[in-house]
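Lettering follows sequence order; numbering is per chain, from 1.
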Amino acid sequence: MTVATRRSETDDVVESTPEEPGRSGRTEGRPEGREIEARVGWRYTLREVGRDPTAMAGLLVVGVMTAMAVFATVDAVVFASLARFEVFARVGVRQYWIAETLWVSPIAEPSPRLLPPVGMENQFGRGTWAHPLGTDDRGRDILARIVYGSRIAIQVGIVSTLLGLVGGVLVGAVAGYYGDLVDDALMRAVETLYAIPFLVLVLAVMAAFGRNLTFAILGVGIASIPTFARLIRSRVLSVREADYVEAARAAGVRDRNIIRRHVVPNSFAPVLVQATLQVGYSIIVVAGLSFLGFGAQPPTPSWGQMLSVSKDYMIQNVWFSIWPGLAILVTVVGFNVFGDGLRDALDPRLQNE
Amino acid sequence: MNIYRYALRRLLQAVPVVLGIVTITFLLSNAIPGDPVQIMLGPSPSQAEVEAIRARYGLDQPLYVRYVNYLAGLLQGDLGRSIYYGVPVLQKIQERLPATLLLIVSSFGFAIATAVPLGVVSAKRRNDPTDHVARVVSLVGVSTPSFWIGLMMILVFVYHLGWFPATNLVMPWAPPSALPAAETRVDVLLASAHHLFLPTVSLGTLQMAAITRIERSAMLETLSEEYVRLARAYGVSERTILRKHAFRNAQLPVITILGLQITTAIGGAVLTETVFQINGMGTLIVDSIARLDYPTIMGTTVVYGLVFVLGVVVTDISYAYVDPRVTYGEAE
């Protein structure tokens, strides 16, 4: 039990942050304040993360992947529509339709299928710079599909996490704040959600509403509600006893506003860390769903679906099944490392060690 | 209160949870678009045939009647009849559940056997090369999709090295006569372990990584406790401190994570079964979804929920064994 008490004490230090945003700045401003540098505040947290090279590496990966996803989205929406229009004008309806069905560009030279990466050779030919990572079973460039796959991965990871975060924080904060019957009812409901295995729940949702990415995101998001709800509830239980909450209540602030302006911001730090880790986890789960055929449907490239196709060609071209897996691994490691760094920065206990 | 009464009470508390699972899956399954009867009978069945099938499966009744009937059946151990297989769902689950349980249990065994020592050593030799290796292993472990590990292992160990078989899992309790090369029980067990190795590692890596992380941080935390410092001051050997003072107290968060990992393992098993073509619950549910066989979808989900709830209850009870401070809800 000592552990629990100590934890909440140290957490209180962090909790006072959003209430007093100027606090760390004030300490720095004092001439003799150097050695009693405040270990709170977002500025402090950011600086702390900045000092951690591993966390920065994670942030870099996250940044690069997100940039890649944004680029791919813009490319898909803007340039692809322009290109389509041009292609359409050049080849006419019939040929364009055939090409769309076969998923190859009608004006591009068809590439050999299952080419290895640059500098390697297999039964299908020698890898060239035209396709640095090789080609897949239809002669499509693997690098391009990996870049495009990042779009799905990042979108899925972030949107589903946000969904789980908002839902979980809402449920958990209300349950923790009101306690008693409300708490019991809400947390039992959440527990039920938790008792249905993650992937099976998502599969059930997809079975009911169809195999498309939106439902995968929705399913993964809903399935992550319990984690966030439990996490924030445990913090709210201690925050709601704080003096400033008491004061707000005495001043006649409405419960809704107390929860929104005092309780949630002060319980948010662990939720943020969990959210970062959850993005990585969601990416893995959705890749698994795509692998089973329940994610983005072809021809839209996604890493899980690439792996699913590649398993039939593993002997002919190993690289086809290595690249998408590596892409998932690197992205998820990025989010995990960054999340760990964030946690270390937000947990003052670790600083003295 | 003794341990049996505590276990009973925990089980009773799980009843509403199970009821919730049943309700959610029932509603979801009934929301499935597409008519299962049509799938069974082909494109142009006669009206009489359709009516007969609907009556046989109780599909002609309103939703709440079907719900009550389903609950009543469930209490009697009746999960309905599979539309696709034409046999009771329970029978199908009895066929498939053992393989899945075997896979999950063996992956947990693998995870605990590797993660606990790894975590302890990692905490003991903090910032040592051993610690760094352990941390990298666990980071990569939690970040890699289990099915990709499975694919890569098939590639290396099955296709290139030929050390392990990729498919056709042999159950350890299969009769020796079922295998061509087996004569005794030992042969069967060996063959089974041989088959099970790759799926176990593939599924267990994630658990292993998660447990290593928790074990390490829990050990670090207990090793900095006052009583450990006191024991050191008394000159108790480091080995004894580690084994008697720190280890046992560090296991609580580890057990919590084990309980939570059950869900992940169940989900992961669906993928592992697909990769290694094991006829388990996971492949059953994936196939049932493709065939709109909703009695089977419901049955499988409910059984998955039961497995999970039981796992959580077992986790709760094992707290008490590890931590003497936990009482079974007894008044002080």
Side-chain angles (χ1 to χ4, degrees), chain A residues 1-3 54 188-189 191-211 223 227 277 280-281 283-285 287-289 291-294 303-304 307-308 310-311 314-315 318 321-322 324-326 328-337 340 349-350 353, chain B residues 14 16-21 23-25 27-33 126 139-140 142-149 151-152 154-155 159 206 220-221 224-226 260 262-268 270-271 274-275 282 285-286 288-290 292 294 297-298 300-301 304-305 307-309 312 325:
Chain A
M1 291 311 104
T2 44
V3 179
T54 339
R188 264 305 119 76
E191 214 174 287
T192 310
L193 207 55
Y194 205 91
I196 302 181
F198 215 149
L199 205 68
V200 178
L201 175 68
V202 177
L203 286 181
V205 171
M206 300 272 253
F209 302 107
R211 302 180 181 201
T227 318
L277 302 175
Y281 188 63
I283 290 176
I284 290 189
V285 173
L289 284 170
F291 185 75
L292 292 174
F294 290 95
W303 296 339
L307 280 175
S308 168
S310 77
K311 72 172 190 287
M314 263 189 340
I315 306 177
V318 189
S321 46
I322 288 180
L326 273 184
I328 300 176
L329 176 62
V330 169
T331 314
V332 178
V333 163
F335 277 101
N336 281 341
V337 161
D340 284 348
R349 275 188 308 161
L350 297 169
E353 288 167 13
Chain B
V17 175
V18 174
L19 195 69
I21 296 173
T23 311
I24 291 178
T25 48
L27 292 176
L28 275 179
S29 305
N30 278 285
I32 294 181
R126 200 174 171 207
L139 176 67
V140 172
V142 291
S143 311
T144 320
S146 64
F147 57 93
W148 189 56
I149 300 181
L151 285 181
M152 292 294 109
I154 289 181
L155 188 72
Y159 291 150
L206 178 64
L220 280 179
E221 184 143 353
S224 65
E225 290 282 352
E226 293 285 325
L260 296 181
I262 296 173
T263 347
T264 323
I266 289 174
V270 177
L271 289 160
T274 309
V275 170
I285 196 170
V286 171
S288 306
I289 289 174
L292 295 186
Y294 70 83
I297 302 175
M298 275 186 325
T300 357
T301 316
Y304 270 131
V307 169
F308 175 78
V309 167
V312 171
R325 282 174 300 184

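- For chain B, the option among A/Ile322, A/Ile283, A/Val318 with the highest count of heavy-atom pairs below 4.5 Å is A/Ile322.
- With a 4.5 Å cut-off on non-hydrogen atoms, A/Leu326 touches chain B through its backbone and its side chain both.
- Both the backbone and the side chain of B/Val142 come within less than 4.5 Å of a heavy atom in chain A.
- Taking A/Asn336 as the reference, B/Ser143 meet the side chain to side chain donor-acceptor pair (under 3.5 Å) condition, with sequence neighbours excluded.
- For B/Thr144, the side-chain contact (heavy atoms from CB on, under 4.5 Å) criterion is met by A/Leu329, B/Val140, B/Trp148, B/Ile149, not counting sequence neighbours.
- At least one side-chain heavy atom of A/Tyr281 sits under 4.5 Å from a side-chain heavy atom of B/Thr264.
- Contact of the B/Val275 side chain with the A/Phe291 side chain is registered, since non-hydrogen atoms from C-beta on lie closer than 4.5 Å.
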